[in-house]
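Below you'll find the structure, written out as structure tokens, and then a few comments.
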Amino acid sequence: EKNSEKIAKLNARNDEIDKQVTELENLDIVGIVRRMGVTPDELAAMHDIMERAAVATAREFDNDYRGVLYGGFMLTPEGPKIIEFNARFGDPETQVVLPRLESDLADIMLAVAEGRPDDIDLRWSEQWAVCVVLASEGYPGSYEKGKVILGIDEAEQIEGVVKIVTCFDVPQIKFPTAGHPWSTDPHHQDVADRLLLTSRVRFYGDDIAAVVAENEVAAAQALRALRVEYEEYPFVLDVQEAMKPDAPQLHEEFPNNILAHTTIRNGNYEEASREPGLIKVEGWYDTPTVQHCHIENHMCFASMEAGRIVIYSSTQIPHIVRRVVGQALGIPWGKVRVVKPYIGGGFGNKQDALYEPLCAYLSTVVGGRLVKLDCTREETFVCNRVRHAIRTHIISWVRPDGTFAARKIECFSNQGAYASHGHGIVAKGMGAFPQLYPCPNVDGDAYTVFTNRPAAGAMRGYGIPQAMFAGESHIEDVCRVL
């Protein structure tokens, strides 16, 4: 059954290969995996070699060299096996793979087939694969099988493309990204709302597919060749509009798009505000979205070594990235090693697990090869993290001598599409409000709200710059009134 599925794919792709299908139908193998650049002559040669090689490999091949990978076929002591990457050498069960093989493959195959393992000359290069990620460029929508076209056929034909992974291929394991220590108490854990690649687009810049290629030119060409059609959904960008009952819902588990709501209740605001002779001063204050603009954009590398995933990342949180990668891939955290070199700035943007989980996963699907994933400057603005835009409403009831009888503050934090560091930012900012100017009666409400904008995360000051701008601007308004 698996043979017939693979043969059907070969038929559709290459009329020349059609001529060889009848010879391949009787092969005692699990299936046939396409390899870019395989010719009909190569297929015929593999057919002949594999018939003779199974016995030779079982008898002669040393256990330290578990198999020769060629054209999608792997010859092992247990017989032929199937792989999904180009010529490599390694252990198919742990997917530990050495660098790219430069030796003459025909010589290796003949040496195996004729039982001459000592004649095999292995030479390796230090090349790695390059990954680029397709970020959504349309309205928020969804990719659902039967409703949308996500075409990769043309991109797969581009020379140098190793693997294309779409949102339909990755594990459906949700994970958090914030750089907070992990808690064993579920109520104190960060919100797990991210996937490696998503089929539900929530903002311009959501990640839906990834291309792994031998070089950046091939990766960029393949990215442009991917064909995507969006099913458009309504969207909402304003934080208070997002809280309305009829607003589009980004996450079903958060009604009215409210990620969290906390309060301050000191004294009795309503009673204190009725004191005779008070002056009411009211104002609205907005701080905008800001990006960190560190000199070094985010970059990471991942490969497999001795059964572990090793990641080199420009990150502020190596230990937390290790845990998040384990969560995202569904593997023990001990199977992940993170190396953090000196970094060219972060300021909070790199206090999230940005692309390390995806980079690690892509390495596993190309046999453990070294995969590099970095961001352009444009991508840091739309695909990384930004500072929370916070709208603040302040009412102060002031006595003629300038002292406060009662004060009220409402903060609306625009979280963007995903939780990231979430409510901690605006909660911290609101918490500073009653500390600066004495007032016994304070009411405060802070809301963190999802919108279809880039996800907001940590940035220097962690909510205090927004709060101080609003608070001090309001004090200026009070002074003008008095």
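Count residues from 1 along the sequence.
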Provide the closest heavy-atom pair for [X] versus [Y] in the form atom of the first, atom of the second, distance.
| X | Y | value |
| --- | --- | --- |
| A353 | I317 | N-CD1, 4.0 Å |
| P181 | I320 | N-CD1, 4.1 Å |
| C411 | M430 | SG-CB, 4.3 Å |
| N268 | N441 | N-OD1, 2.9 Å |

Does the [X] side chain pair with the main chain of [Y], one donor and one acceptor, at a distance under 3.5 Å?
| X | Y | answer |
| --- | --- | --- |
| D443 | Y269 | no |
| H251 | A417 | yes |
| E379 | T376 | yes |
| N257 | A242 | yes |

Check: [X]/[Y] side-chain N/O donor and acceptor closer than 3.5 Å:
| X | Y | result |
| --- | --- | --- |
| K340 | S313 | no |
| S396 | H474 | yes |
| Y233 | N452 | no |
| R387 | Q291 | no |
| T403 | D401 | yes |
| N297 | T380 | no |
| H388 | Q466 | no |
| T177 | D352 | yes |
| N256 | Y447 | no |
| H421 | Y462 | yes |
| Y355 | H298 | no |
| H188 | S183 | no |
| E296 | S314 | yes |
| R369 | S363 | no |
| H294 | N349 | yes |

Can you confirm whether [X] sits close enough to [Y] that some side-chain heavy atom of one is under 4.5 Å from a side-chain heavy atom of the other?
| X | Y | result |
| --- | --- | --- |
| P318 | V339 | no |
| I311 | V325 | yes |
| T448 | Q415 | yes |
| I208 | T166 | no |
| L196 | F175 | yes |
| F235 | R202 | no |
| C359 | F301 | no |

Spacing of [atom1] belonging to [X] relative to [atom2] belonging to [Y], to within rounding of 0.5 Å:
| X | Y | atom1 | atom2 | result |
| --- | --- | --- | --- | --- |
| Q221 | Q157 | CD | CD | 13.5 Å |
| R377 | N384 | CZ | CG | 9.5 Å |
| S273 | L278 | OG | CG | 8.0 Å |
| M459 | I464 | CE | CD1 | 14.5 Å |
| D190 | Q327 | CG | CD | 9.0 Å |
| E356 | R322 | CD | CZ | 14.5 Å |

TODO: List the steps, then state whether side-chain hydrogen bond (donor to acceptor under 3.5 Å, both in side chains) holds for H393 with E282.
DONE: CA-CA 8 Å; H393 178 217; E282 182 176 6; 2.6 Å; yes

Open item on the list: Could you tell me if R453 sits above the aromatic ring of F203, with its cationic atom closer than 6.0 Å to the ring centre and no more than 45 degrees from the axis?
Closed with: no

Open item on the list: Classify the ring geometry of W284 against F412: parallel below 30°, tilted from 30° to 60°, perpendicular beyond 60°.
Closed with: parallel

Task: Heavy-atom neighbours of Y312 OH exceed 12 at 6.0 Å - done: no

TODO: Would you check if the distance from the ring center of Y285 to the ring center of F469 is below 6.0 Å?
DONE: no

